Amino acid sequence: GRVDARGARRRPGGARRGGGGGDRTRGAVGPGRGVDPARPGPRGGTAAGGGAAEAASANNQTIRQFKIPKAVGEIPVSDVPSSSSWTPATSTFAGNFSAVGYYFAKYLQQEIDVPVGIINASYGGARIEAYMSDEMLGYDETFVSLAAGEPERQPTLIYNAMIYPLLRVPLKGILWYQGESNADNWNDALAYGDLFRKMINSYRDLWQQPDMPFLWIQLPNYGTPATE
């Protein structure tokens, strides 16, 4: 499927094709980890020495990240936290970029040759419900407590503080990287598919882009496989 508004498309093997031009493309990242770009690159490799060497040698003013500090809220707010800021992919700042966002932006720029901005709205340990509104969830979350009551695992709280303020920002697409927080038990895991579909469709509606690319990173399995 499409990965940017200029019509880049996925080819077999994960490659994408896109044209050049002078447009600027922005994407949002959430909710998983992403502090140090130490993950493998888009084609399976990294700079020599891994993420630390990549960050130390970074010097690209046309890849930038807008980092939103972790925040939660009981009601939707119009503005992101005041300490949010844009930083370029240089050796001073690259170590604080989302790993997935950094490597994807680097690869995407090679394909379409335009400046790329990443809006990093990640919050480690979050459940998907925290990134959804009460309208998406279909229930009043006031009296709902998930997991052990951690703020990042509670319905709507991250959406209110970190996603709702972005509705005025035009996006080209979304990257979603989540860990295992919705796999605490079998019922949670089974419910995830419906929640994820609802969130994807709702985000596309909110940004009024029915075909907005929504890419997600699937984590590898580990441990003992379930037998049921």
Side-chain angles (χ1 to χ4, degrees), residues 24-39 51-52 54-56 58 60-106 115-134 136-137 141 145-182 199 202-203 206-207 214-217 219:
R24 180 181 301 272
T25 184
R26 289 184 204 151
V29 179
R33 46 193 113 164
V35 186
D36 175 28
R39 307 289 182 219
E54 178 77 15
N60 190 335
Q61 291 284 348
T62 60
I63 293 178
R64 300 199 171 203
Q65 174 182 259
F66 186 76
K67 181 67 174 76
I68 302 175
K70 292 189 289 188
V72 294
E74 296 290 342
I75 60 174
V77 296
S78 298
D79 298 315
V80 295
S82 59
S83 54
S84 306
S85 62
W86 283 104
T87 54
T90 63
S91 58
T92 302
F93 302 107
N96 294 319
F97 272 46
S98 155
V100 169
Y102 171 84
Y103 280 113
F104 181 76
K106 184 177 177 180
V116 178
I118 307 162
I119 299 175
N120 184 348
S122 59
Y123 200 131
R127 289 175 62 100
I128 192 172
E129 293 93 337
Y131 277 84
M132 300 174 71
S133 67
D134 51 3
M136 297 178 204
L137 292 168
E141 78 287 355
S145 180
L146 300 176
E150 304 94 332
E152 69 274 16
R153 292 182 155 208
Q154 303 315 304
T156 77
L157 296 190
I158 295 175
Y159 172 86
N160 290 338
M162 299 176 66
I163 301 301
Y164 185 84
L166 300 177
L167 296 184
R168 296 170 292 173
V169 179
L171 301 181
K172 296 286 189 176
I174 293 176
L175 300 176
W176 178 260
Y177 177 8
Q178 184 176 357
E180 299 82 21
S181 294
N182 276 86
M199 190 188 77
S202 297
Y203 276 32
L206 288 171
W207 270 277
F214 197 112
L215 285 70
W216 67 91
I217 290 79
L219 300 183

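Sequence positions, counted from 1, serve as the residue numbers for this chain. This structure is a prediction, so every number in the text was calculated from the model and none was measured.
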Any chance you could measure I174, atom CD1, to I163, atom CD1, to the nearest 0.5 Å? 7.5 Å
Output all residues satisfying side-chain contact (heavy atoms from CB on, under 4.5 Å) with L167, sequence neighbours left out; order by chain, then residue number. Y159, Y164, L206, W207
Tell me, do D134 and P155 make a side-chain contact under 4.5 Å, heavy atoms counted? no
For A147, check side-chain contact (heavy atoms from CB on, under 4.5 Å) against everything at least two apart and list the hits. E150, R153, D184
Looking at every non-hydrogen atom in both residues, tell me the closest pair between A89 and Y102 and how far apart they are. CB-CE1, 4.1 Å
If the condition is side-chain contact (heavy atoms from CB on, under 4.5 Å), which residues does A105 pass it with, not counting sequence neighbours? I63, V116, I118
The salt bridge (charged side-chain N to carboxylate O under 4.0 Å, His left out) partners of R64 (sequence neighbours excluded) come to none
Give the table of side-chain donor-acceptor pairs shorter than 3.5 Å for residues 74-85, with sequence neighbours excluded, one pair per line with atom names and distance.
residue, atom, partner, partner atom, Å
D79, OD1, R168, NH2, 3.4
S84, OG, P81, O, 2.8

Would you find a donor on one side and an acceptor on the other, under 3.5 Å apart, between the side chain of E54 and the backbone of A94? no
Reported CG-to-CD distance for the pair N160 and Q154, which is rounded to 0.5 angstrom: 12.5 Å
Ring pair (Phe, Tyr, Trp, His ring centres under 6.0 Å) with W176: of Y203, Y131, W216, only one passes, and it is Y131
Atom pair CE (M132) and CG (L157), whose distance is rounded to the nearest 0.5 Å: 13.5 Å
Listed by chain and number, what are the side chain to side chain donor-acceptor pair (under 3.5 Å) partners of N60, not counting sequence neighbours? T62, Q109
Heavy-atom side-chain contact between M199 and F214 under 4.5 Å: yes
Less than 4.5 Å apart, side chain to side chain, heavy atoms only: is that true for V169 and I119? yes
Hey, are the side chains of I128 and Q178 touching, using non-hydrogen atoms and a 4.5 Å cut-off? yes
Side-chain donor or acceptor of E152 paired with backbone N/O of A130 under 3.5 Å: no
Minimum side-chain heavy-atom gap N182-E129 below 4.5 Å: yes
Can you name the closest pair of heavy atoms from A71 and Y123 and give their distance? N-CE1, 3.7 Å
Determine whether Q65 and S98 make a side-chain contact, defined as any pair of heavy atoms from C-beta on separated by less than 4.5 Å. yes
Could you walk me through whether K67 and N96 satisfy the side-chain contact (heavy atoms from CB on, under 4.5 Å) test, starting with their C-alpha distance in whole Å, then the side-chain angles of each, then the deciding distance to 0.1 Å, before giving a yes or no? CA-CA 9 Å; K67 181 67 174 76; N96 294 319; over 6 Å; no
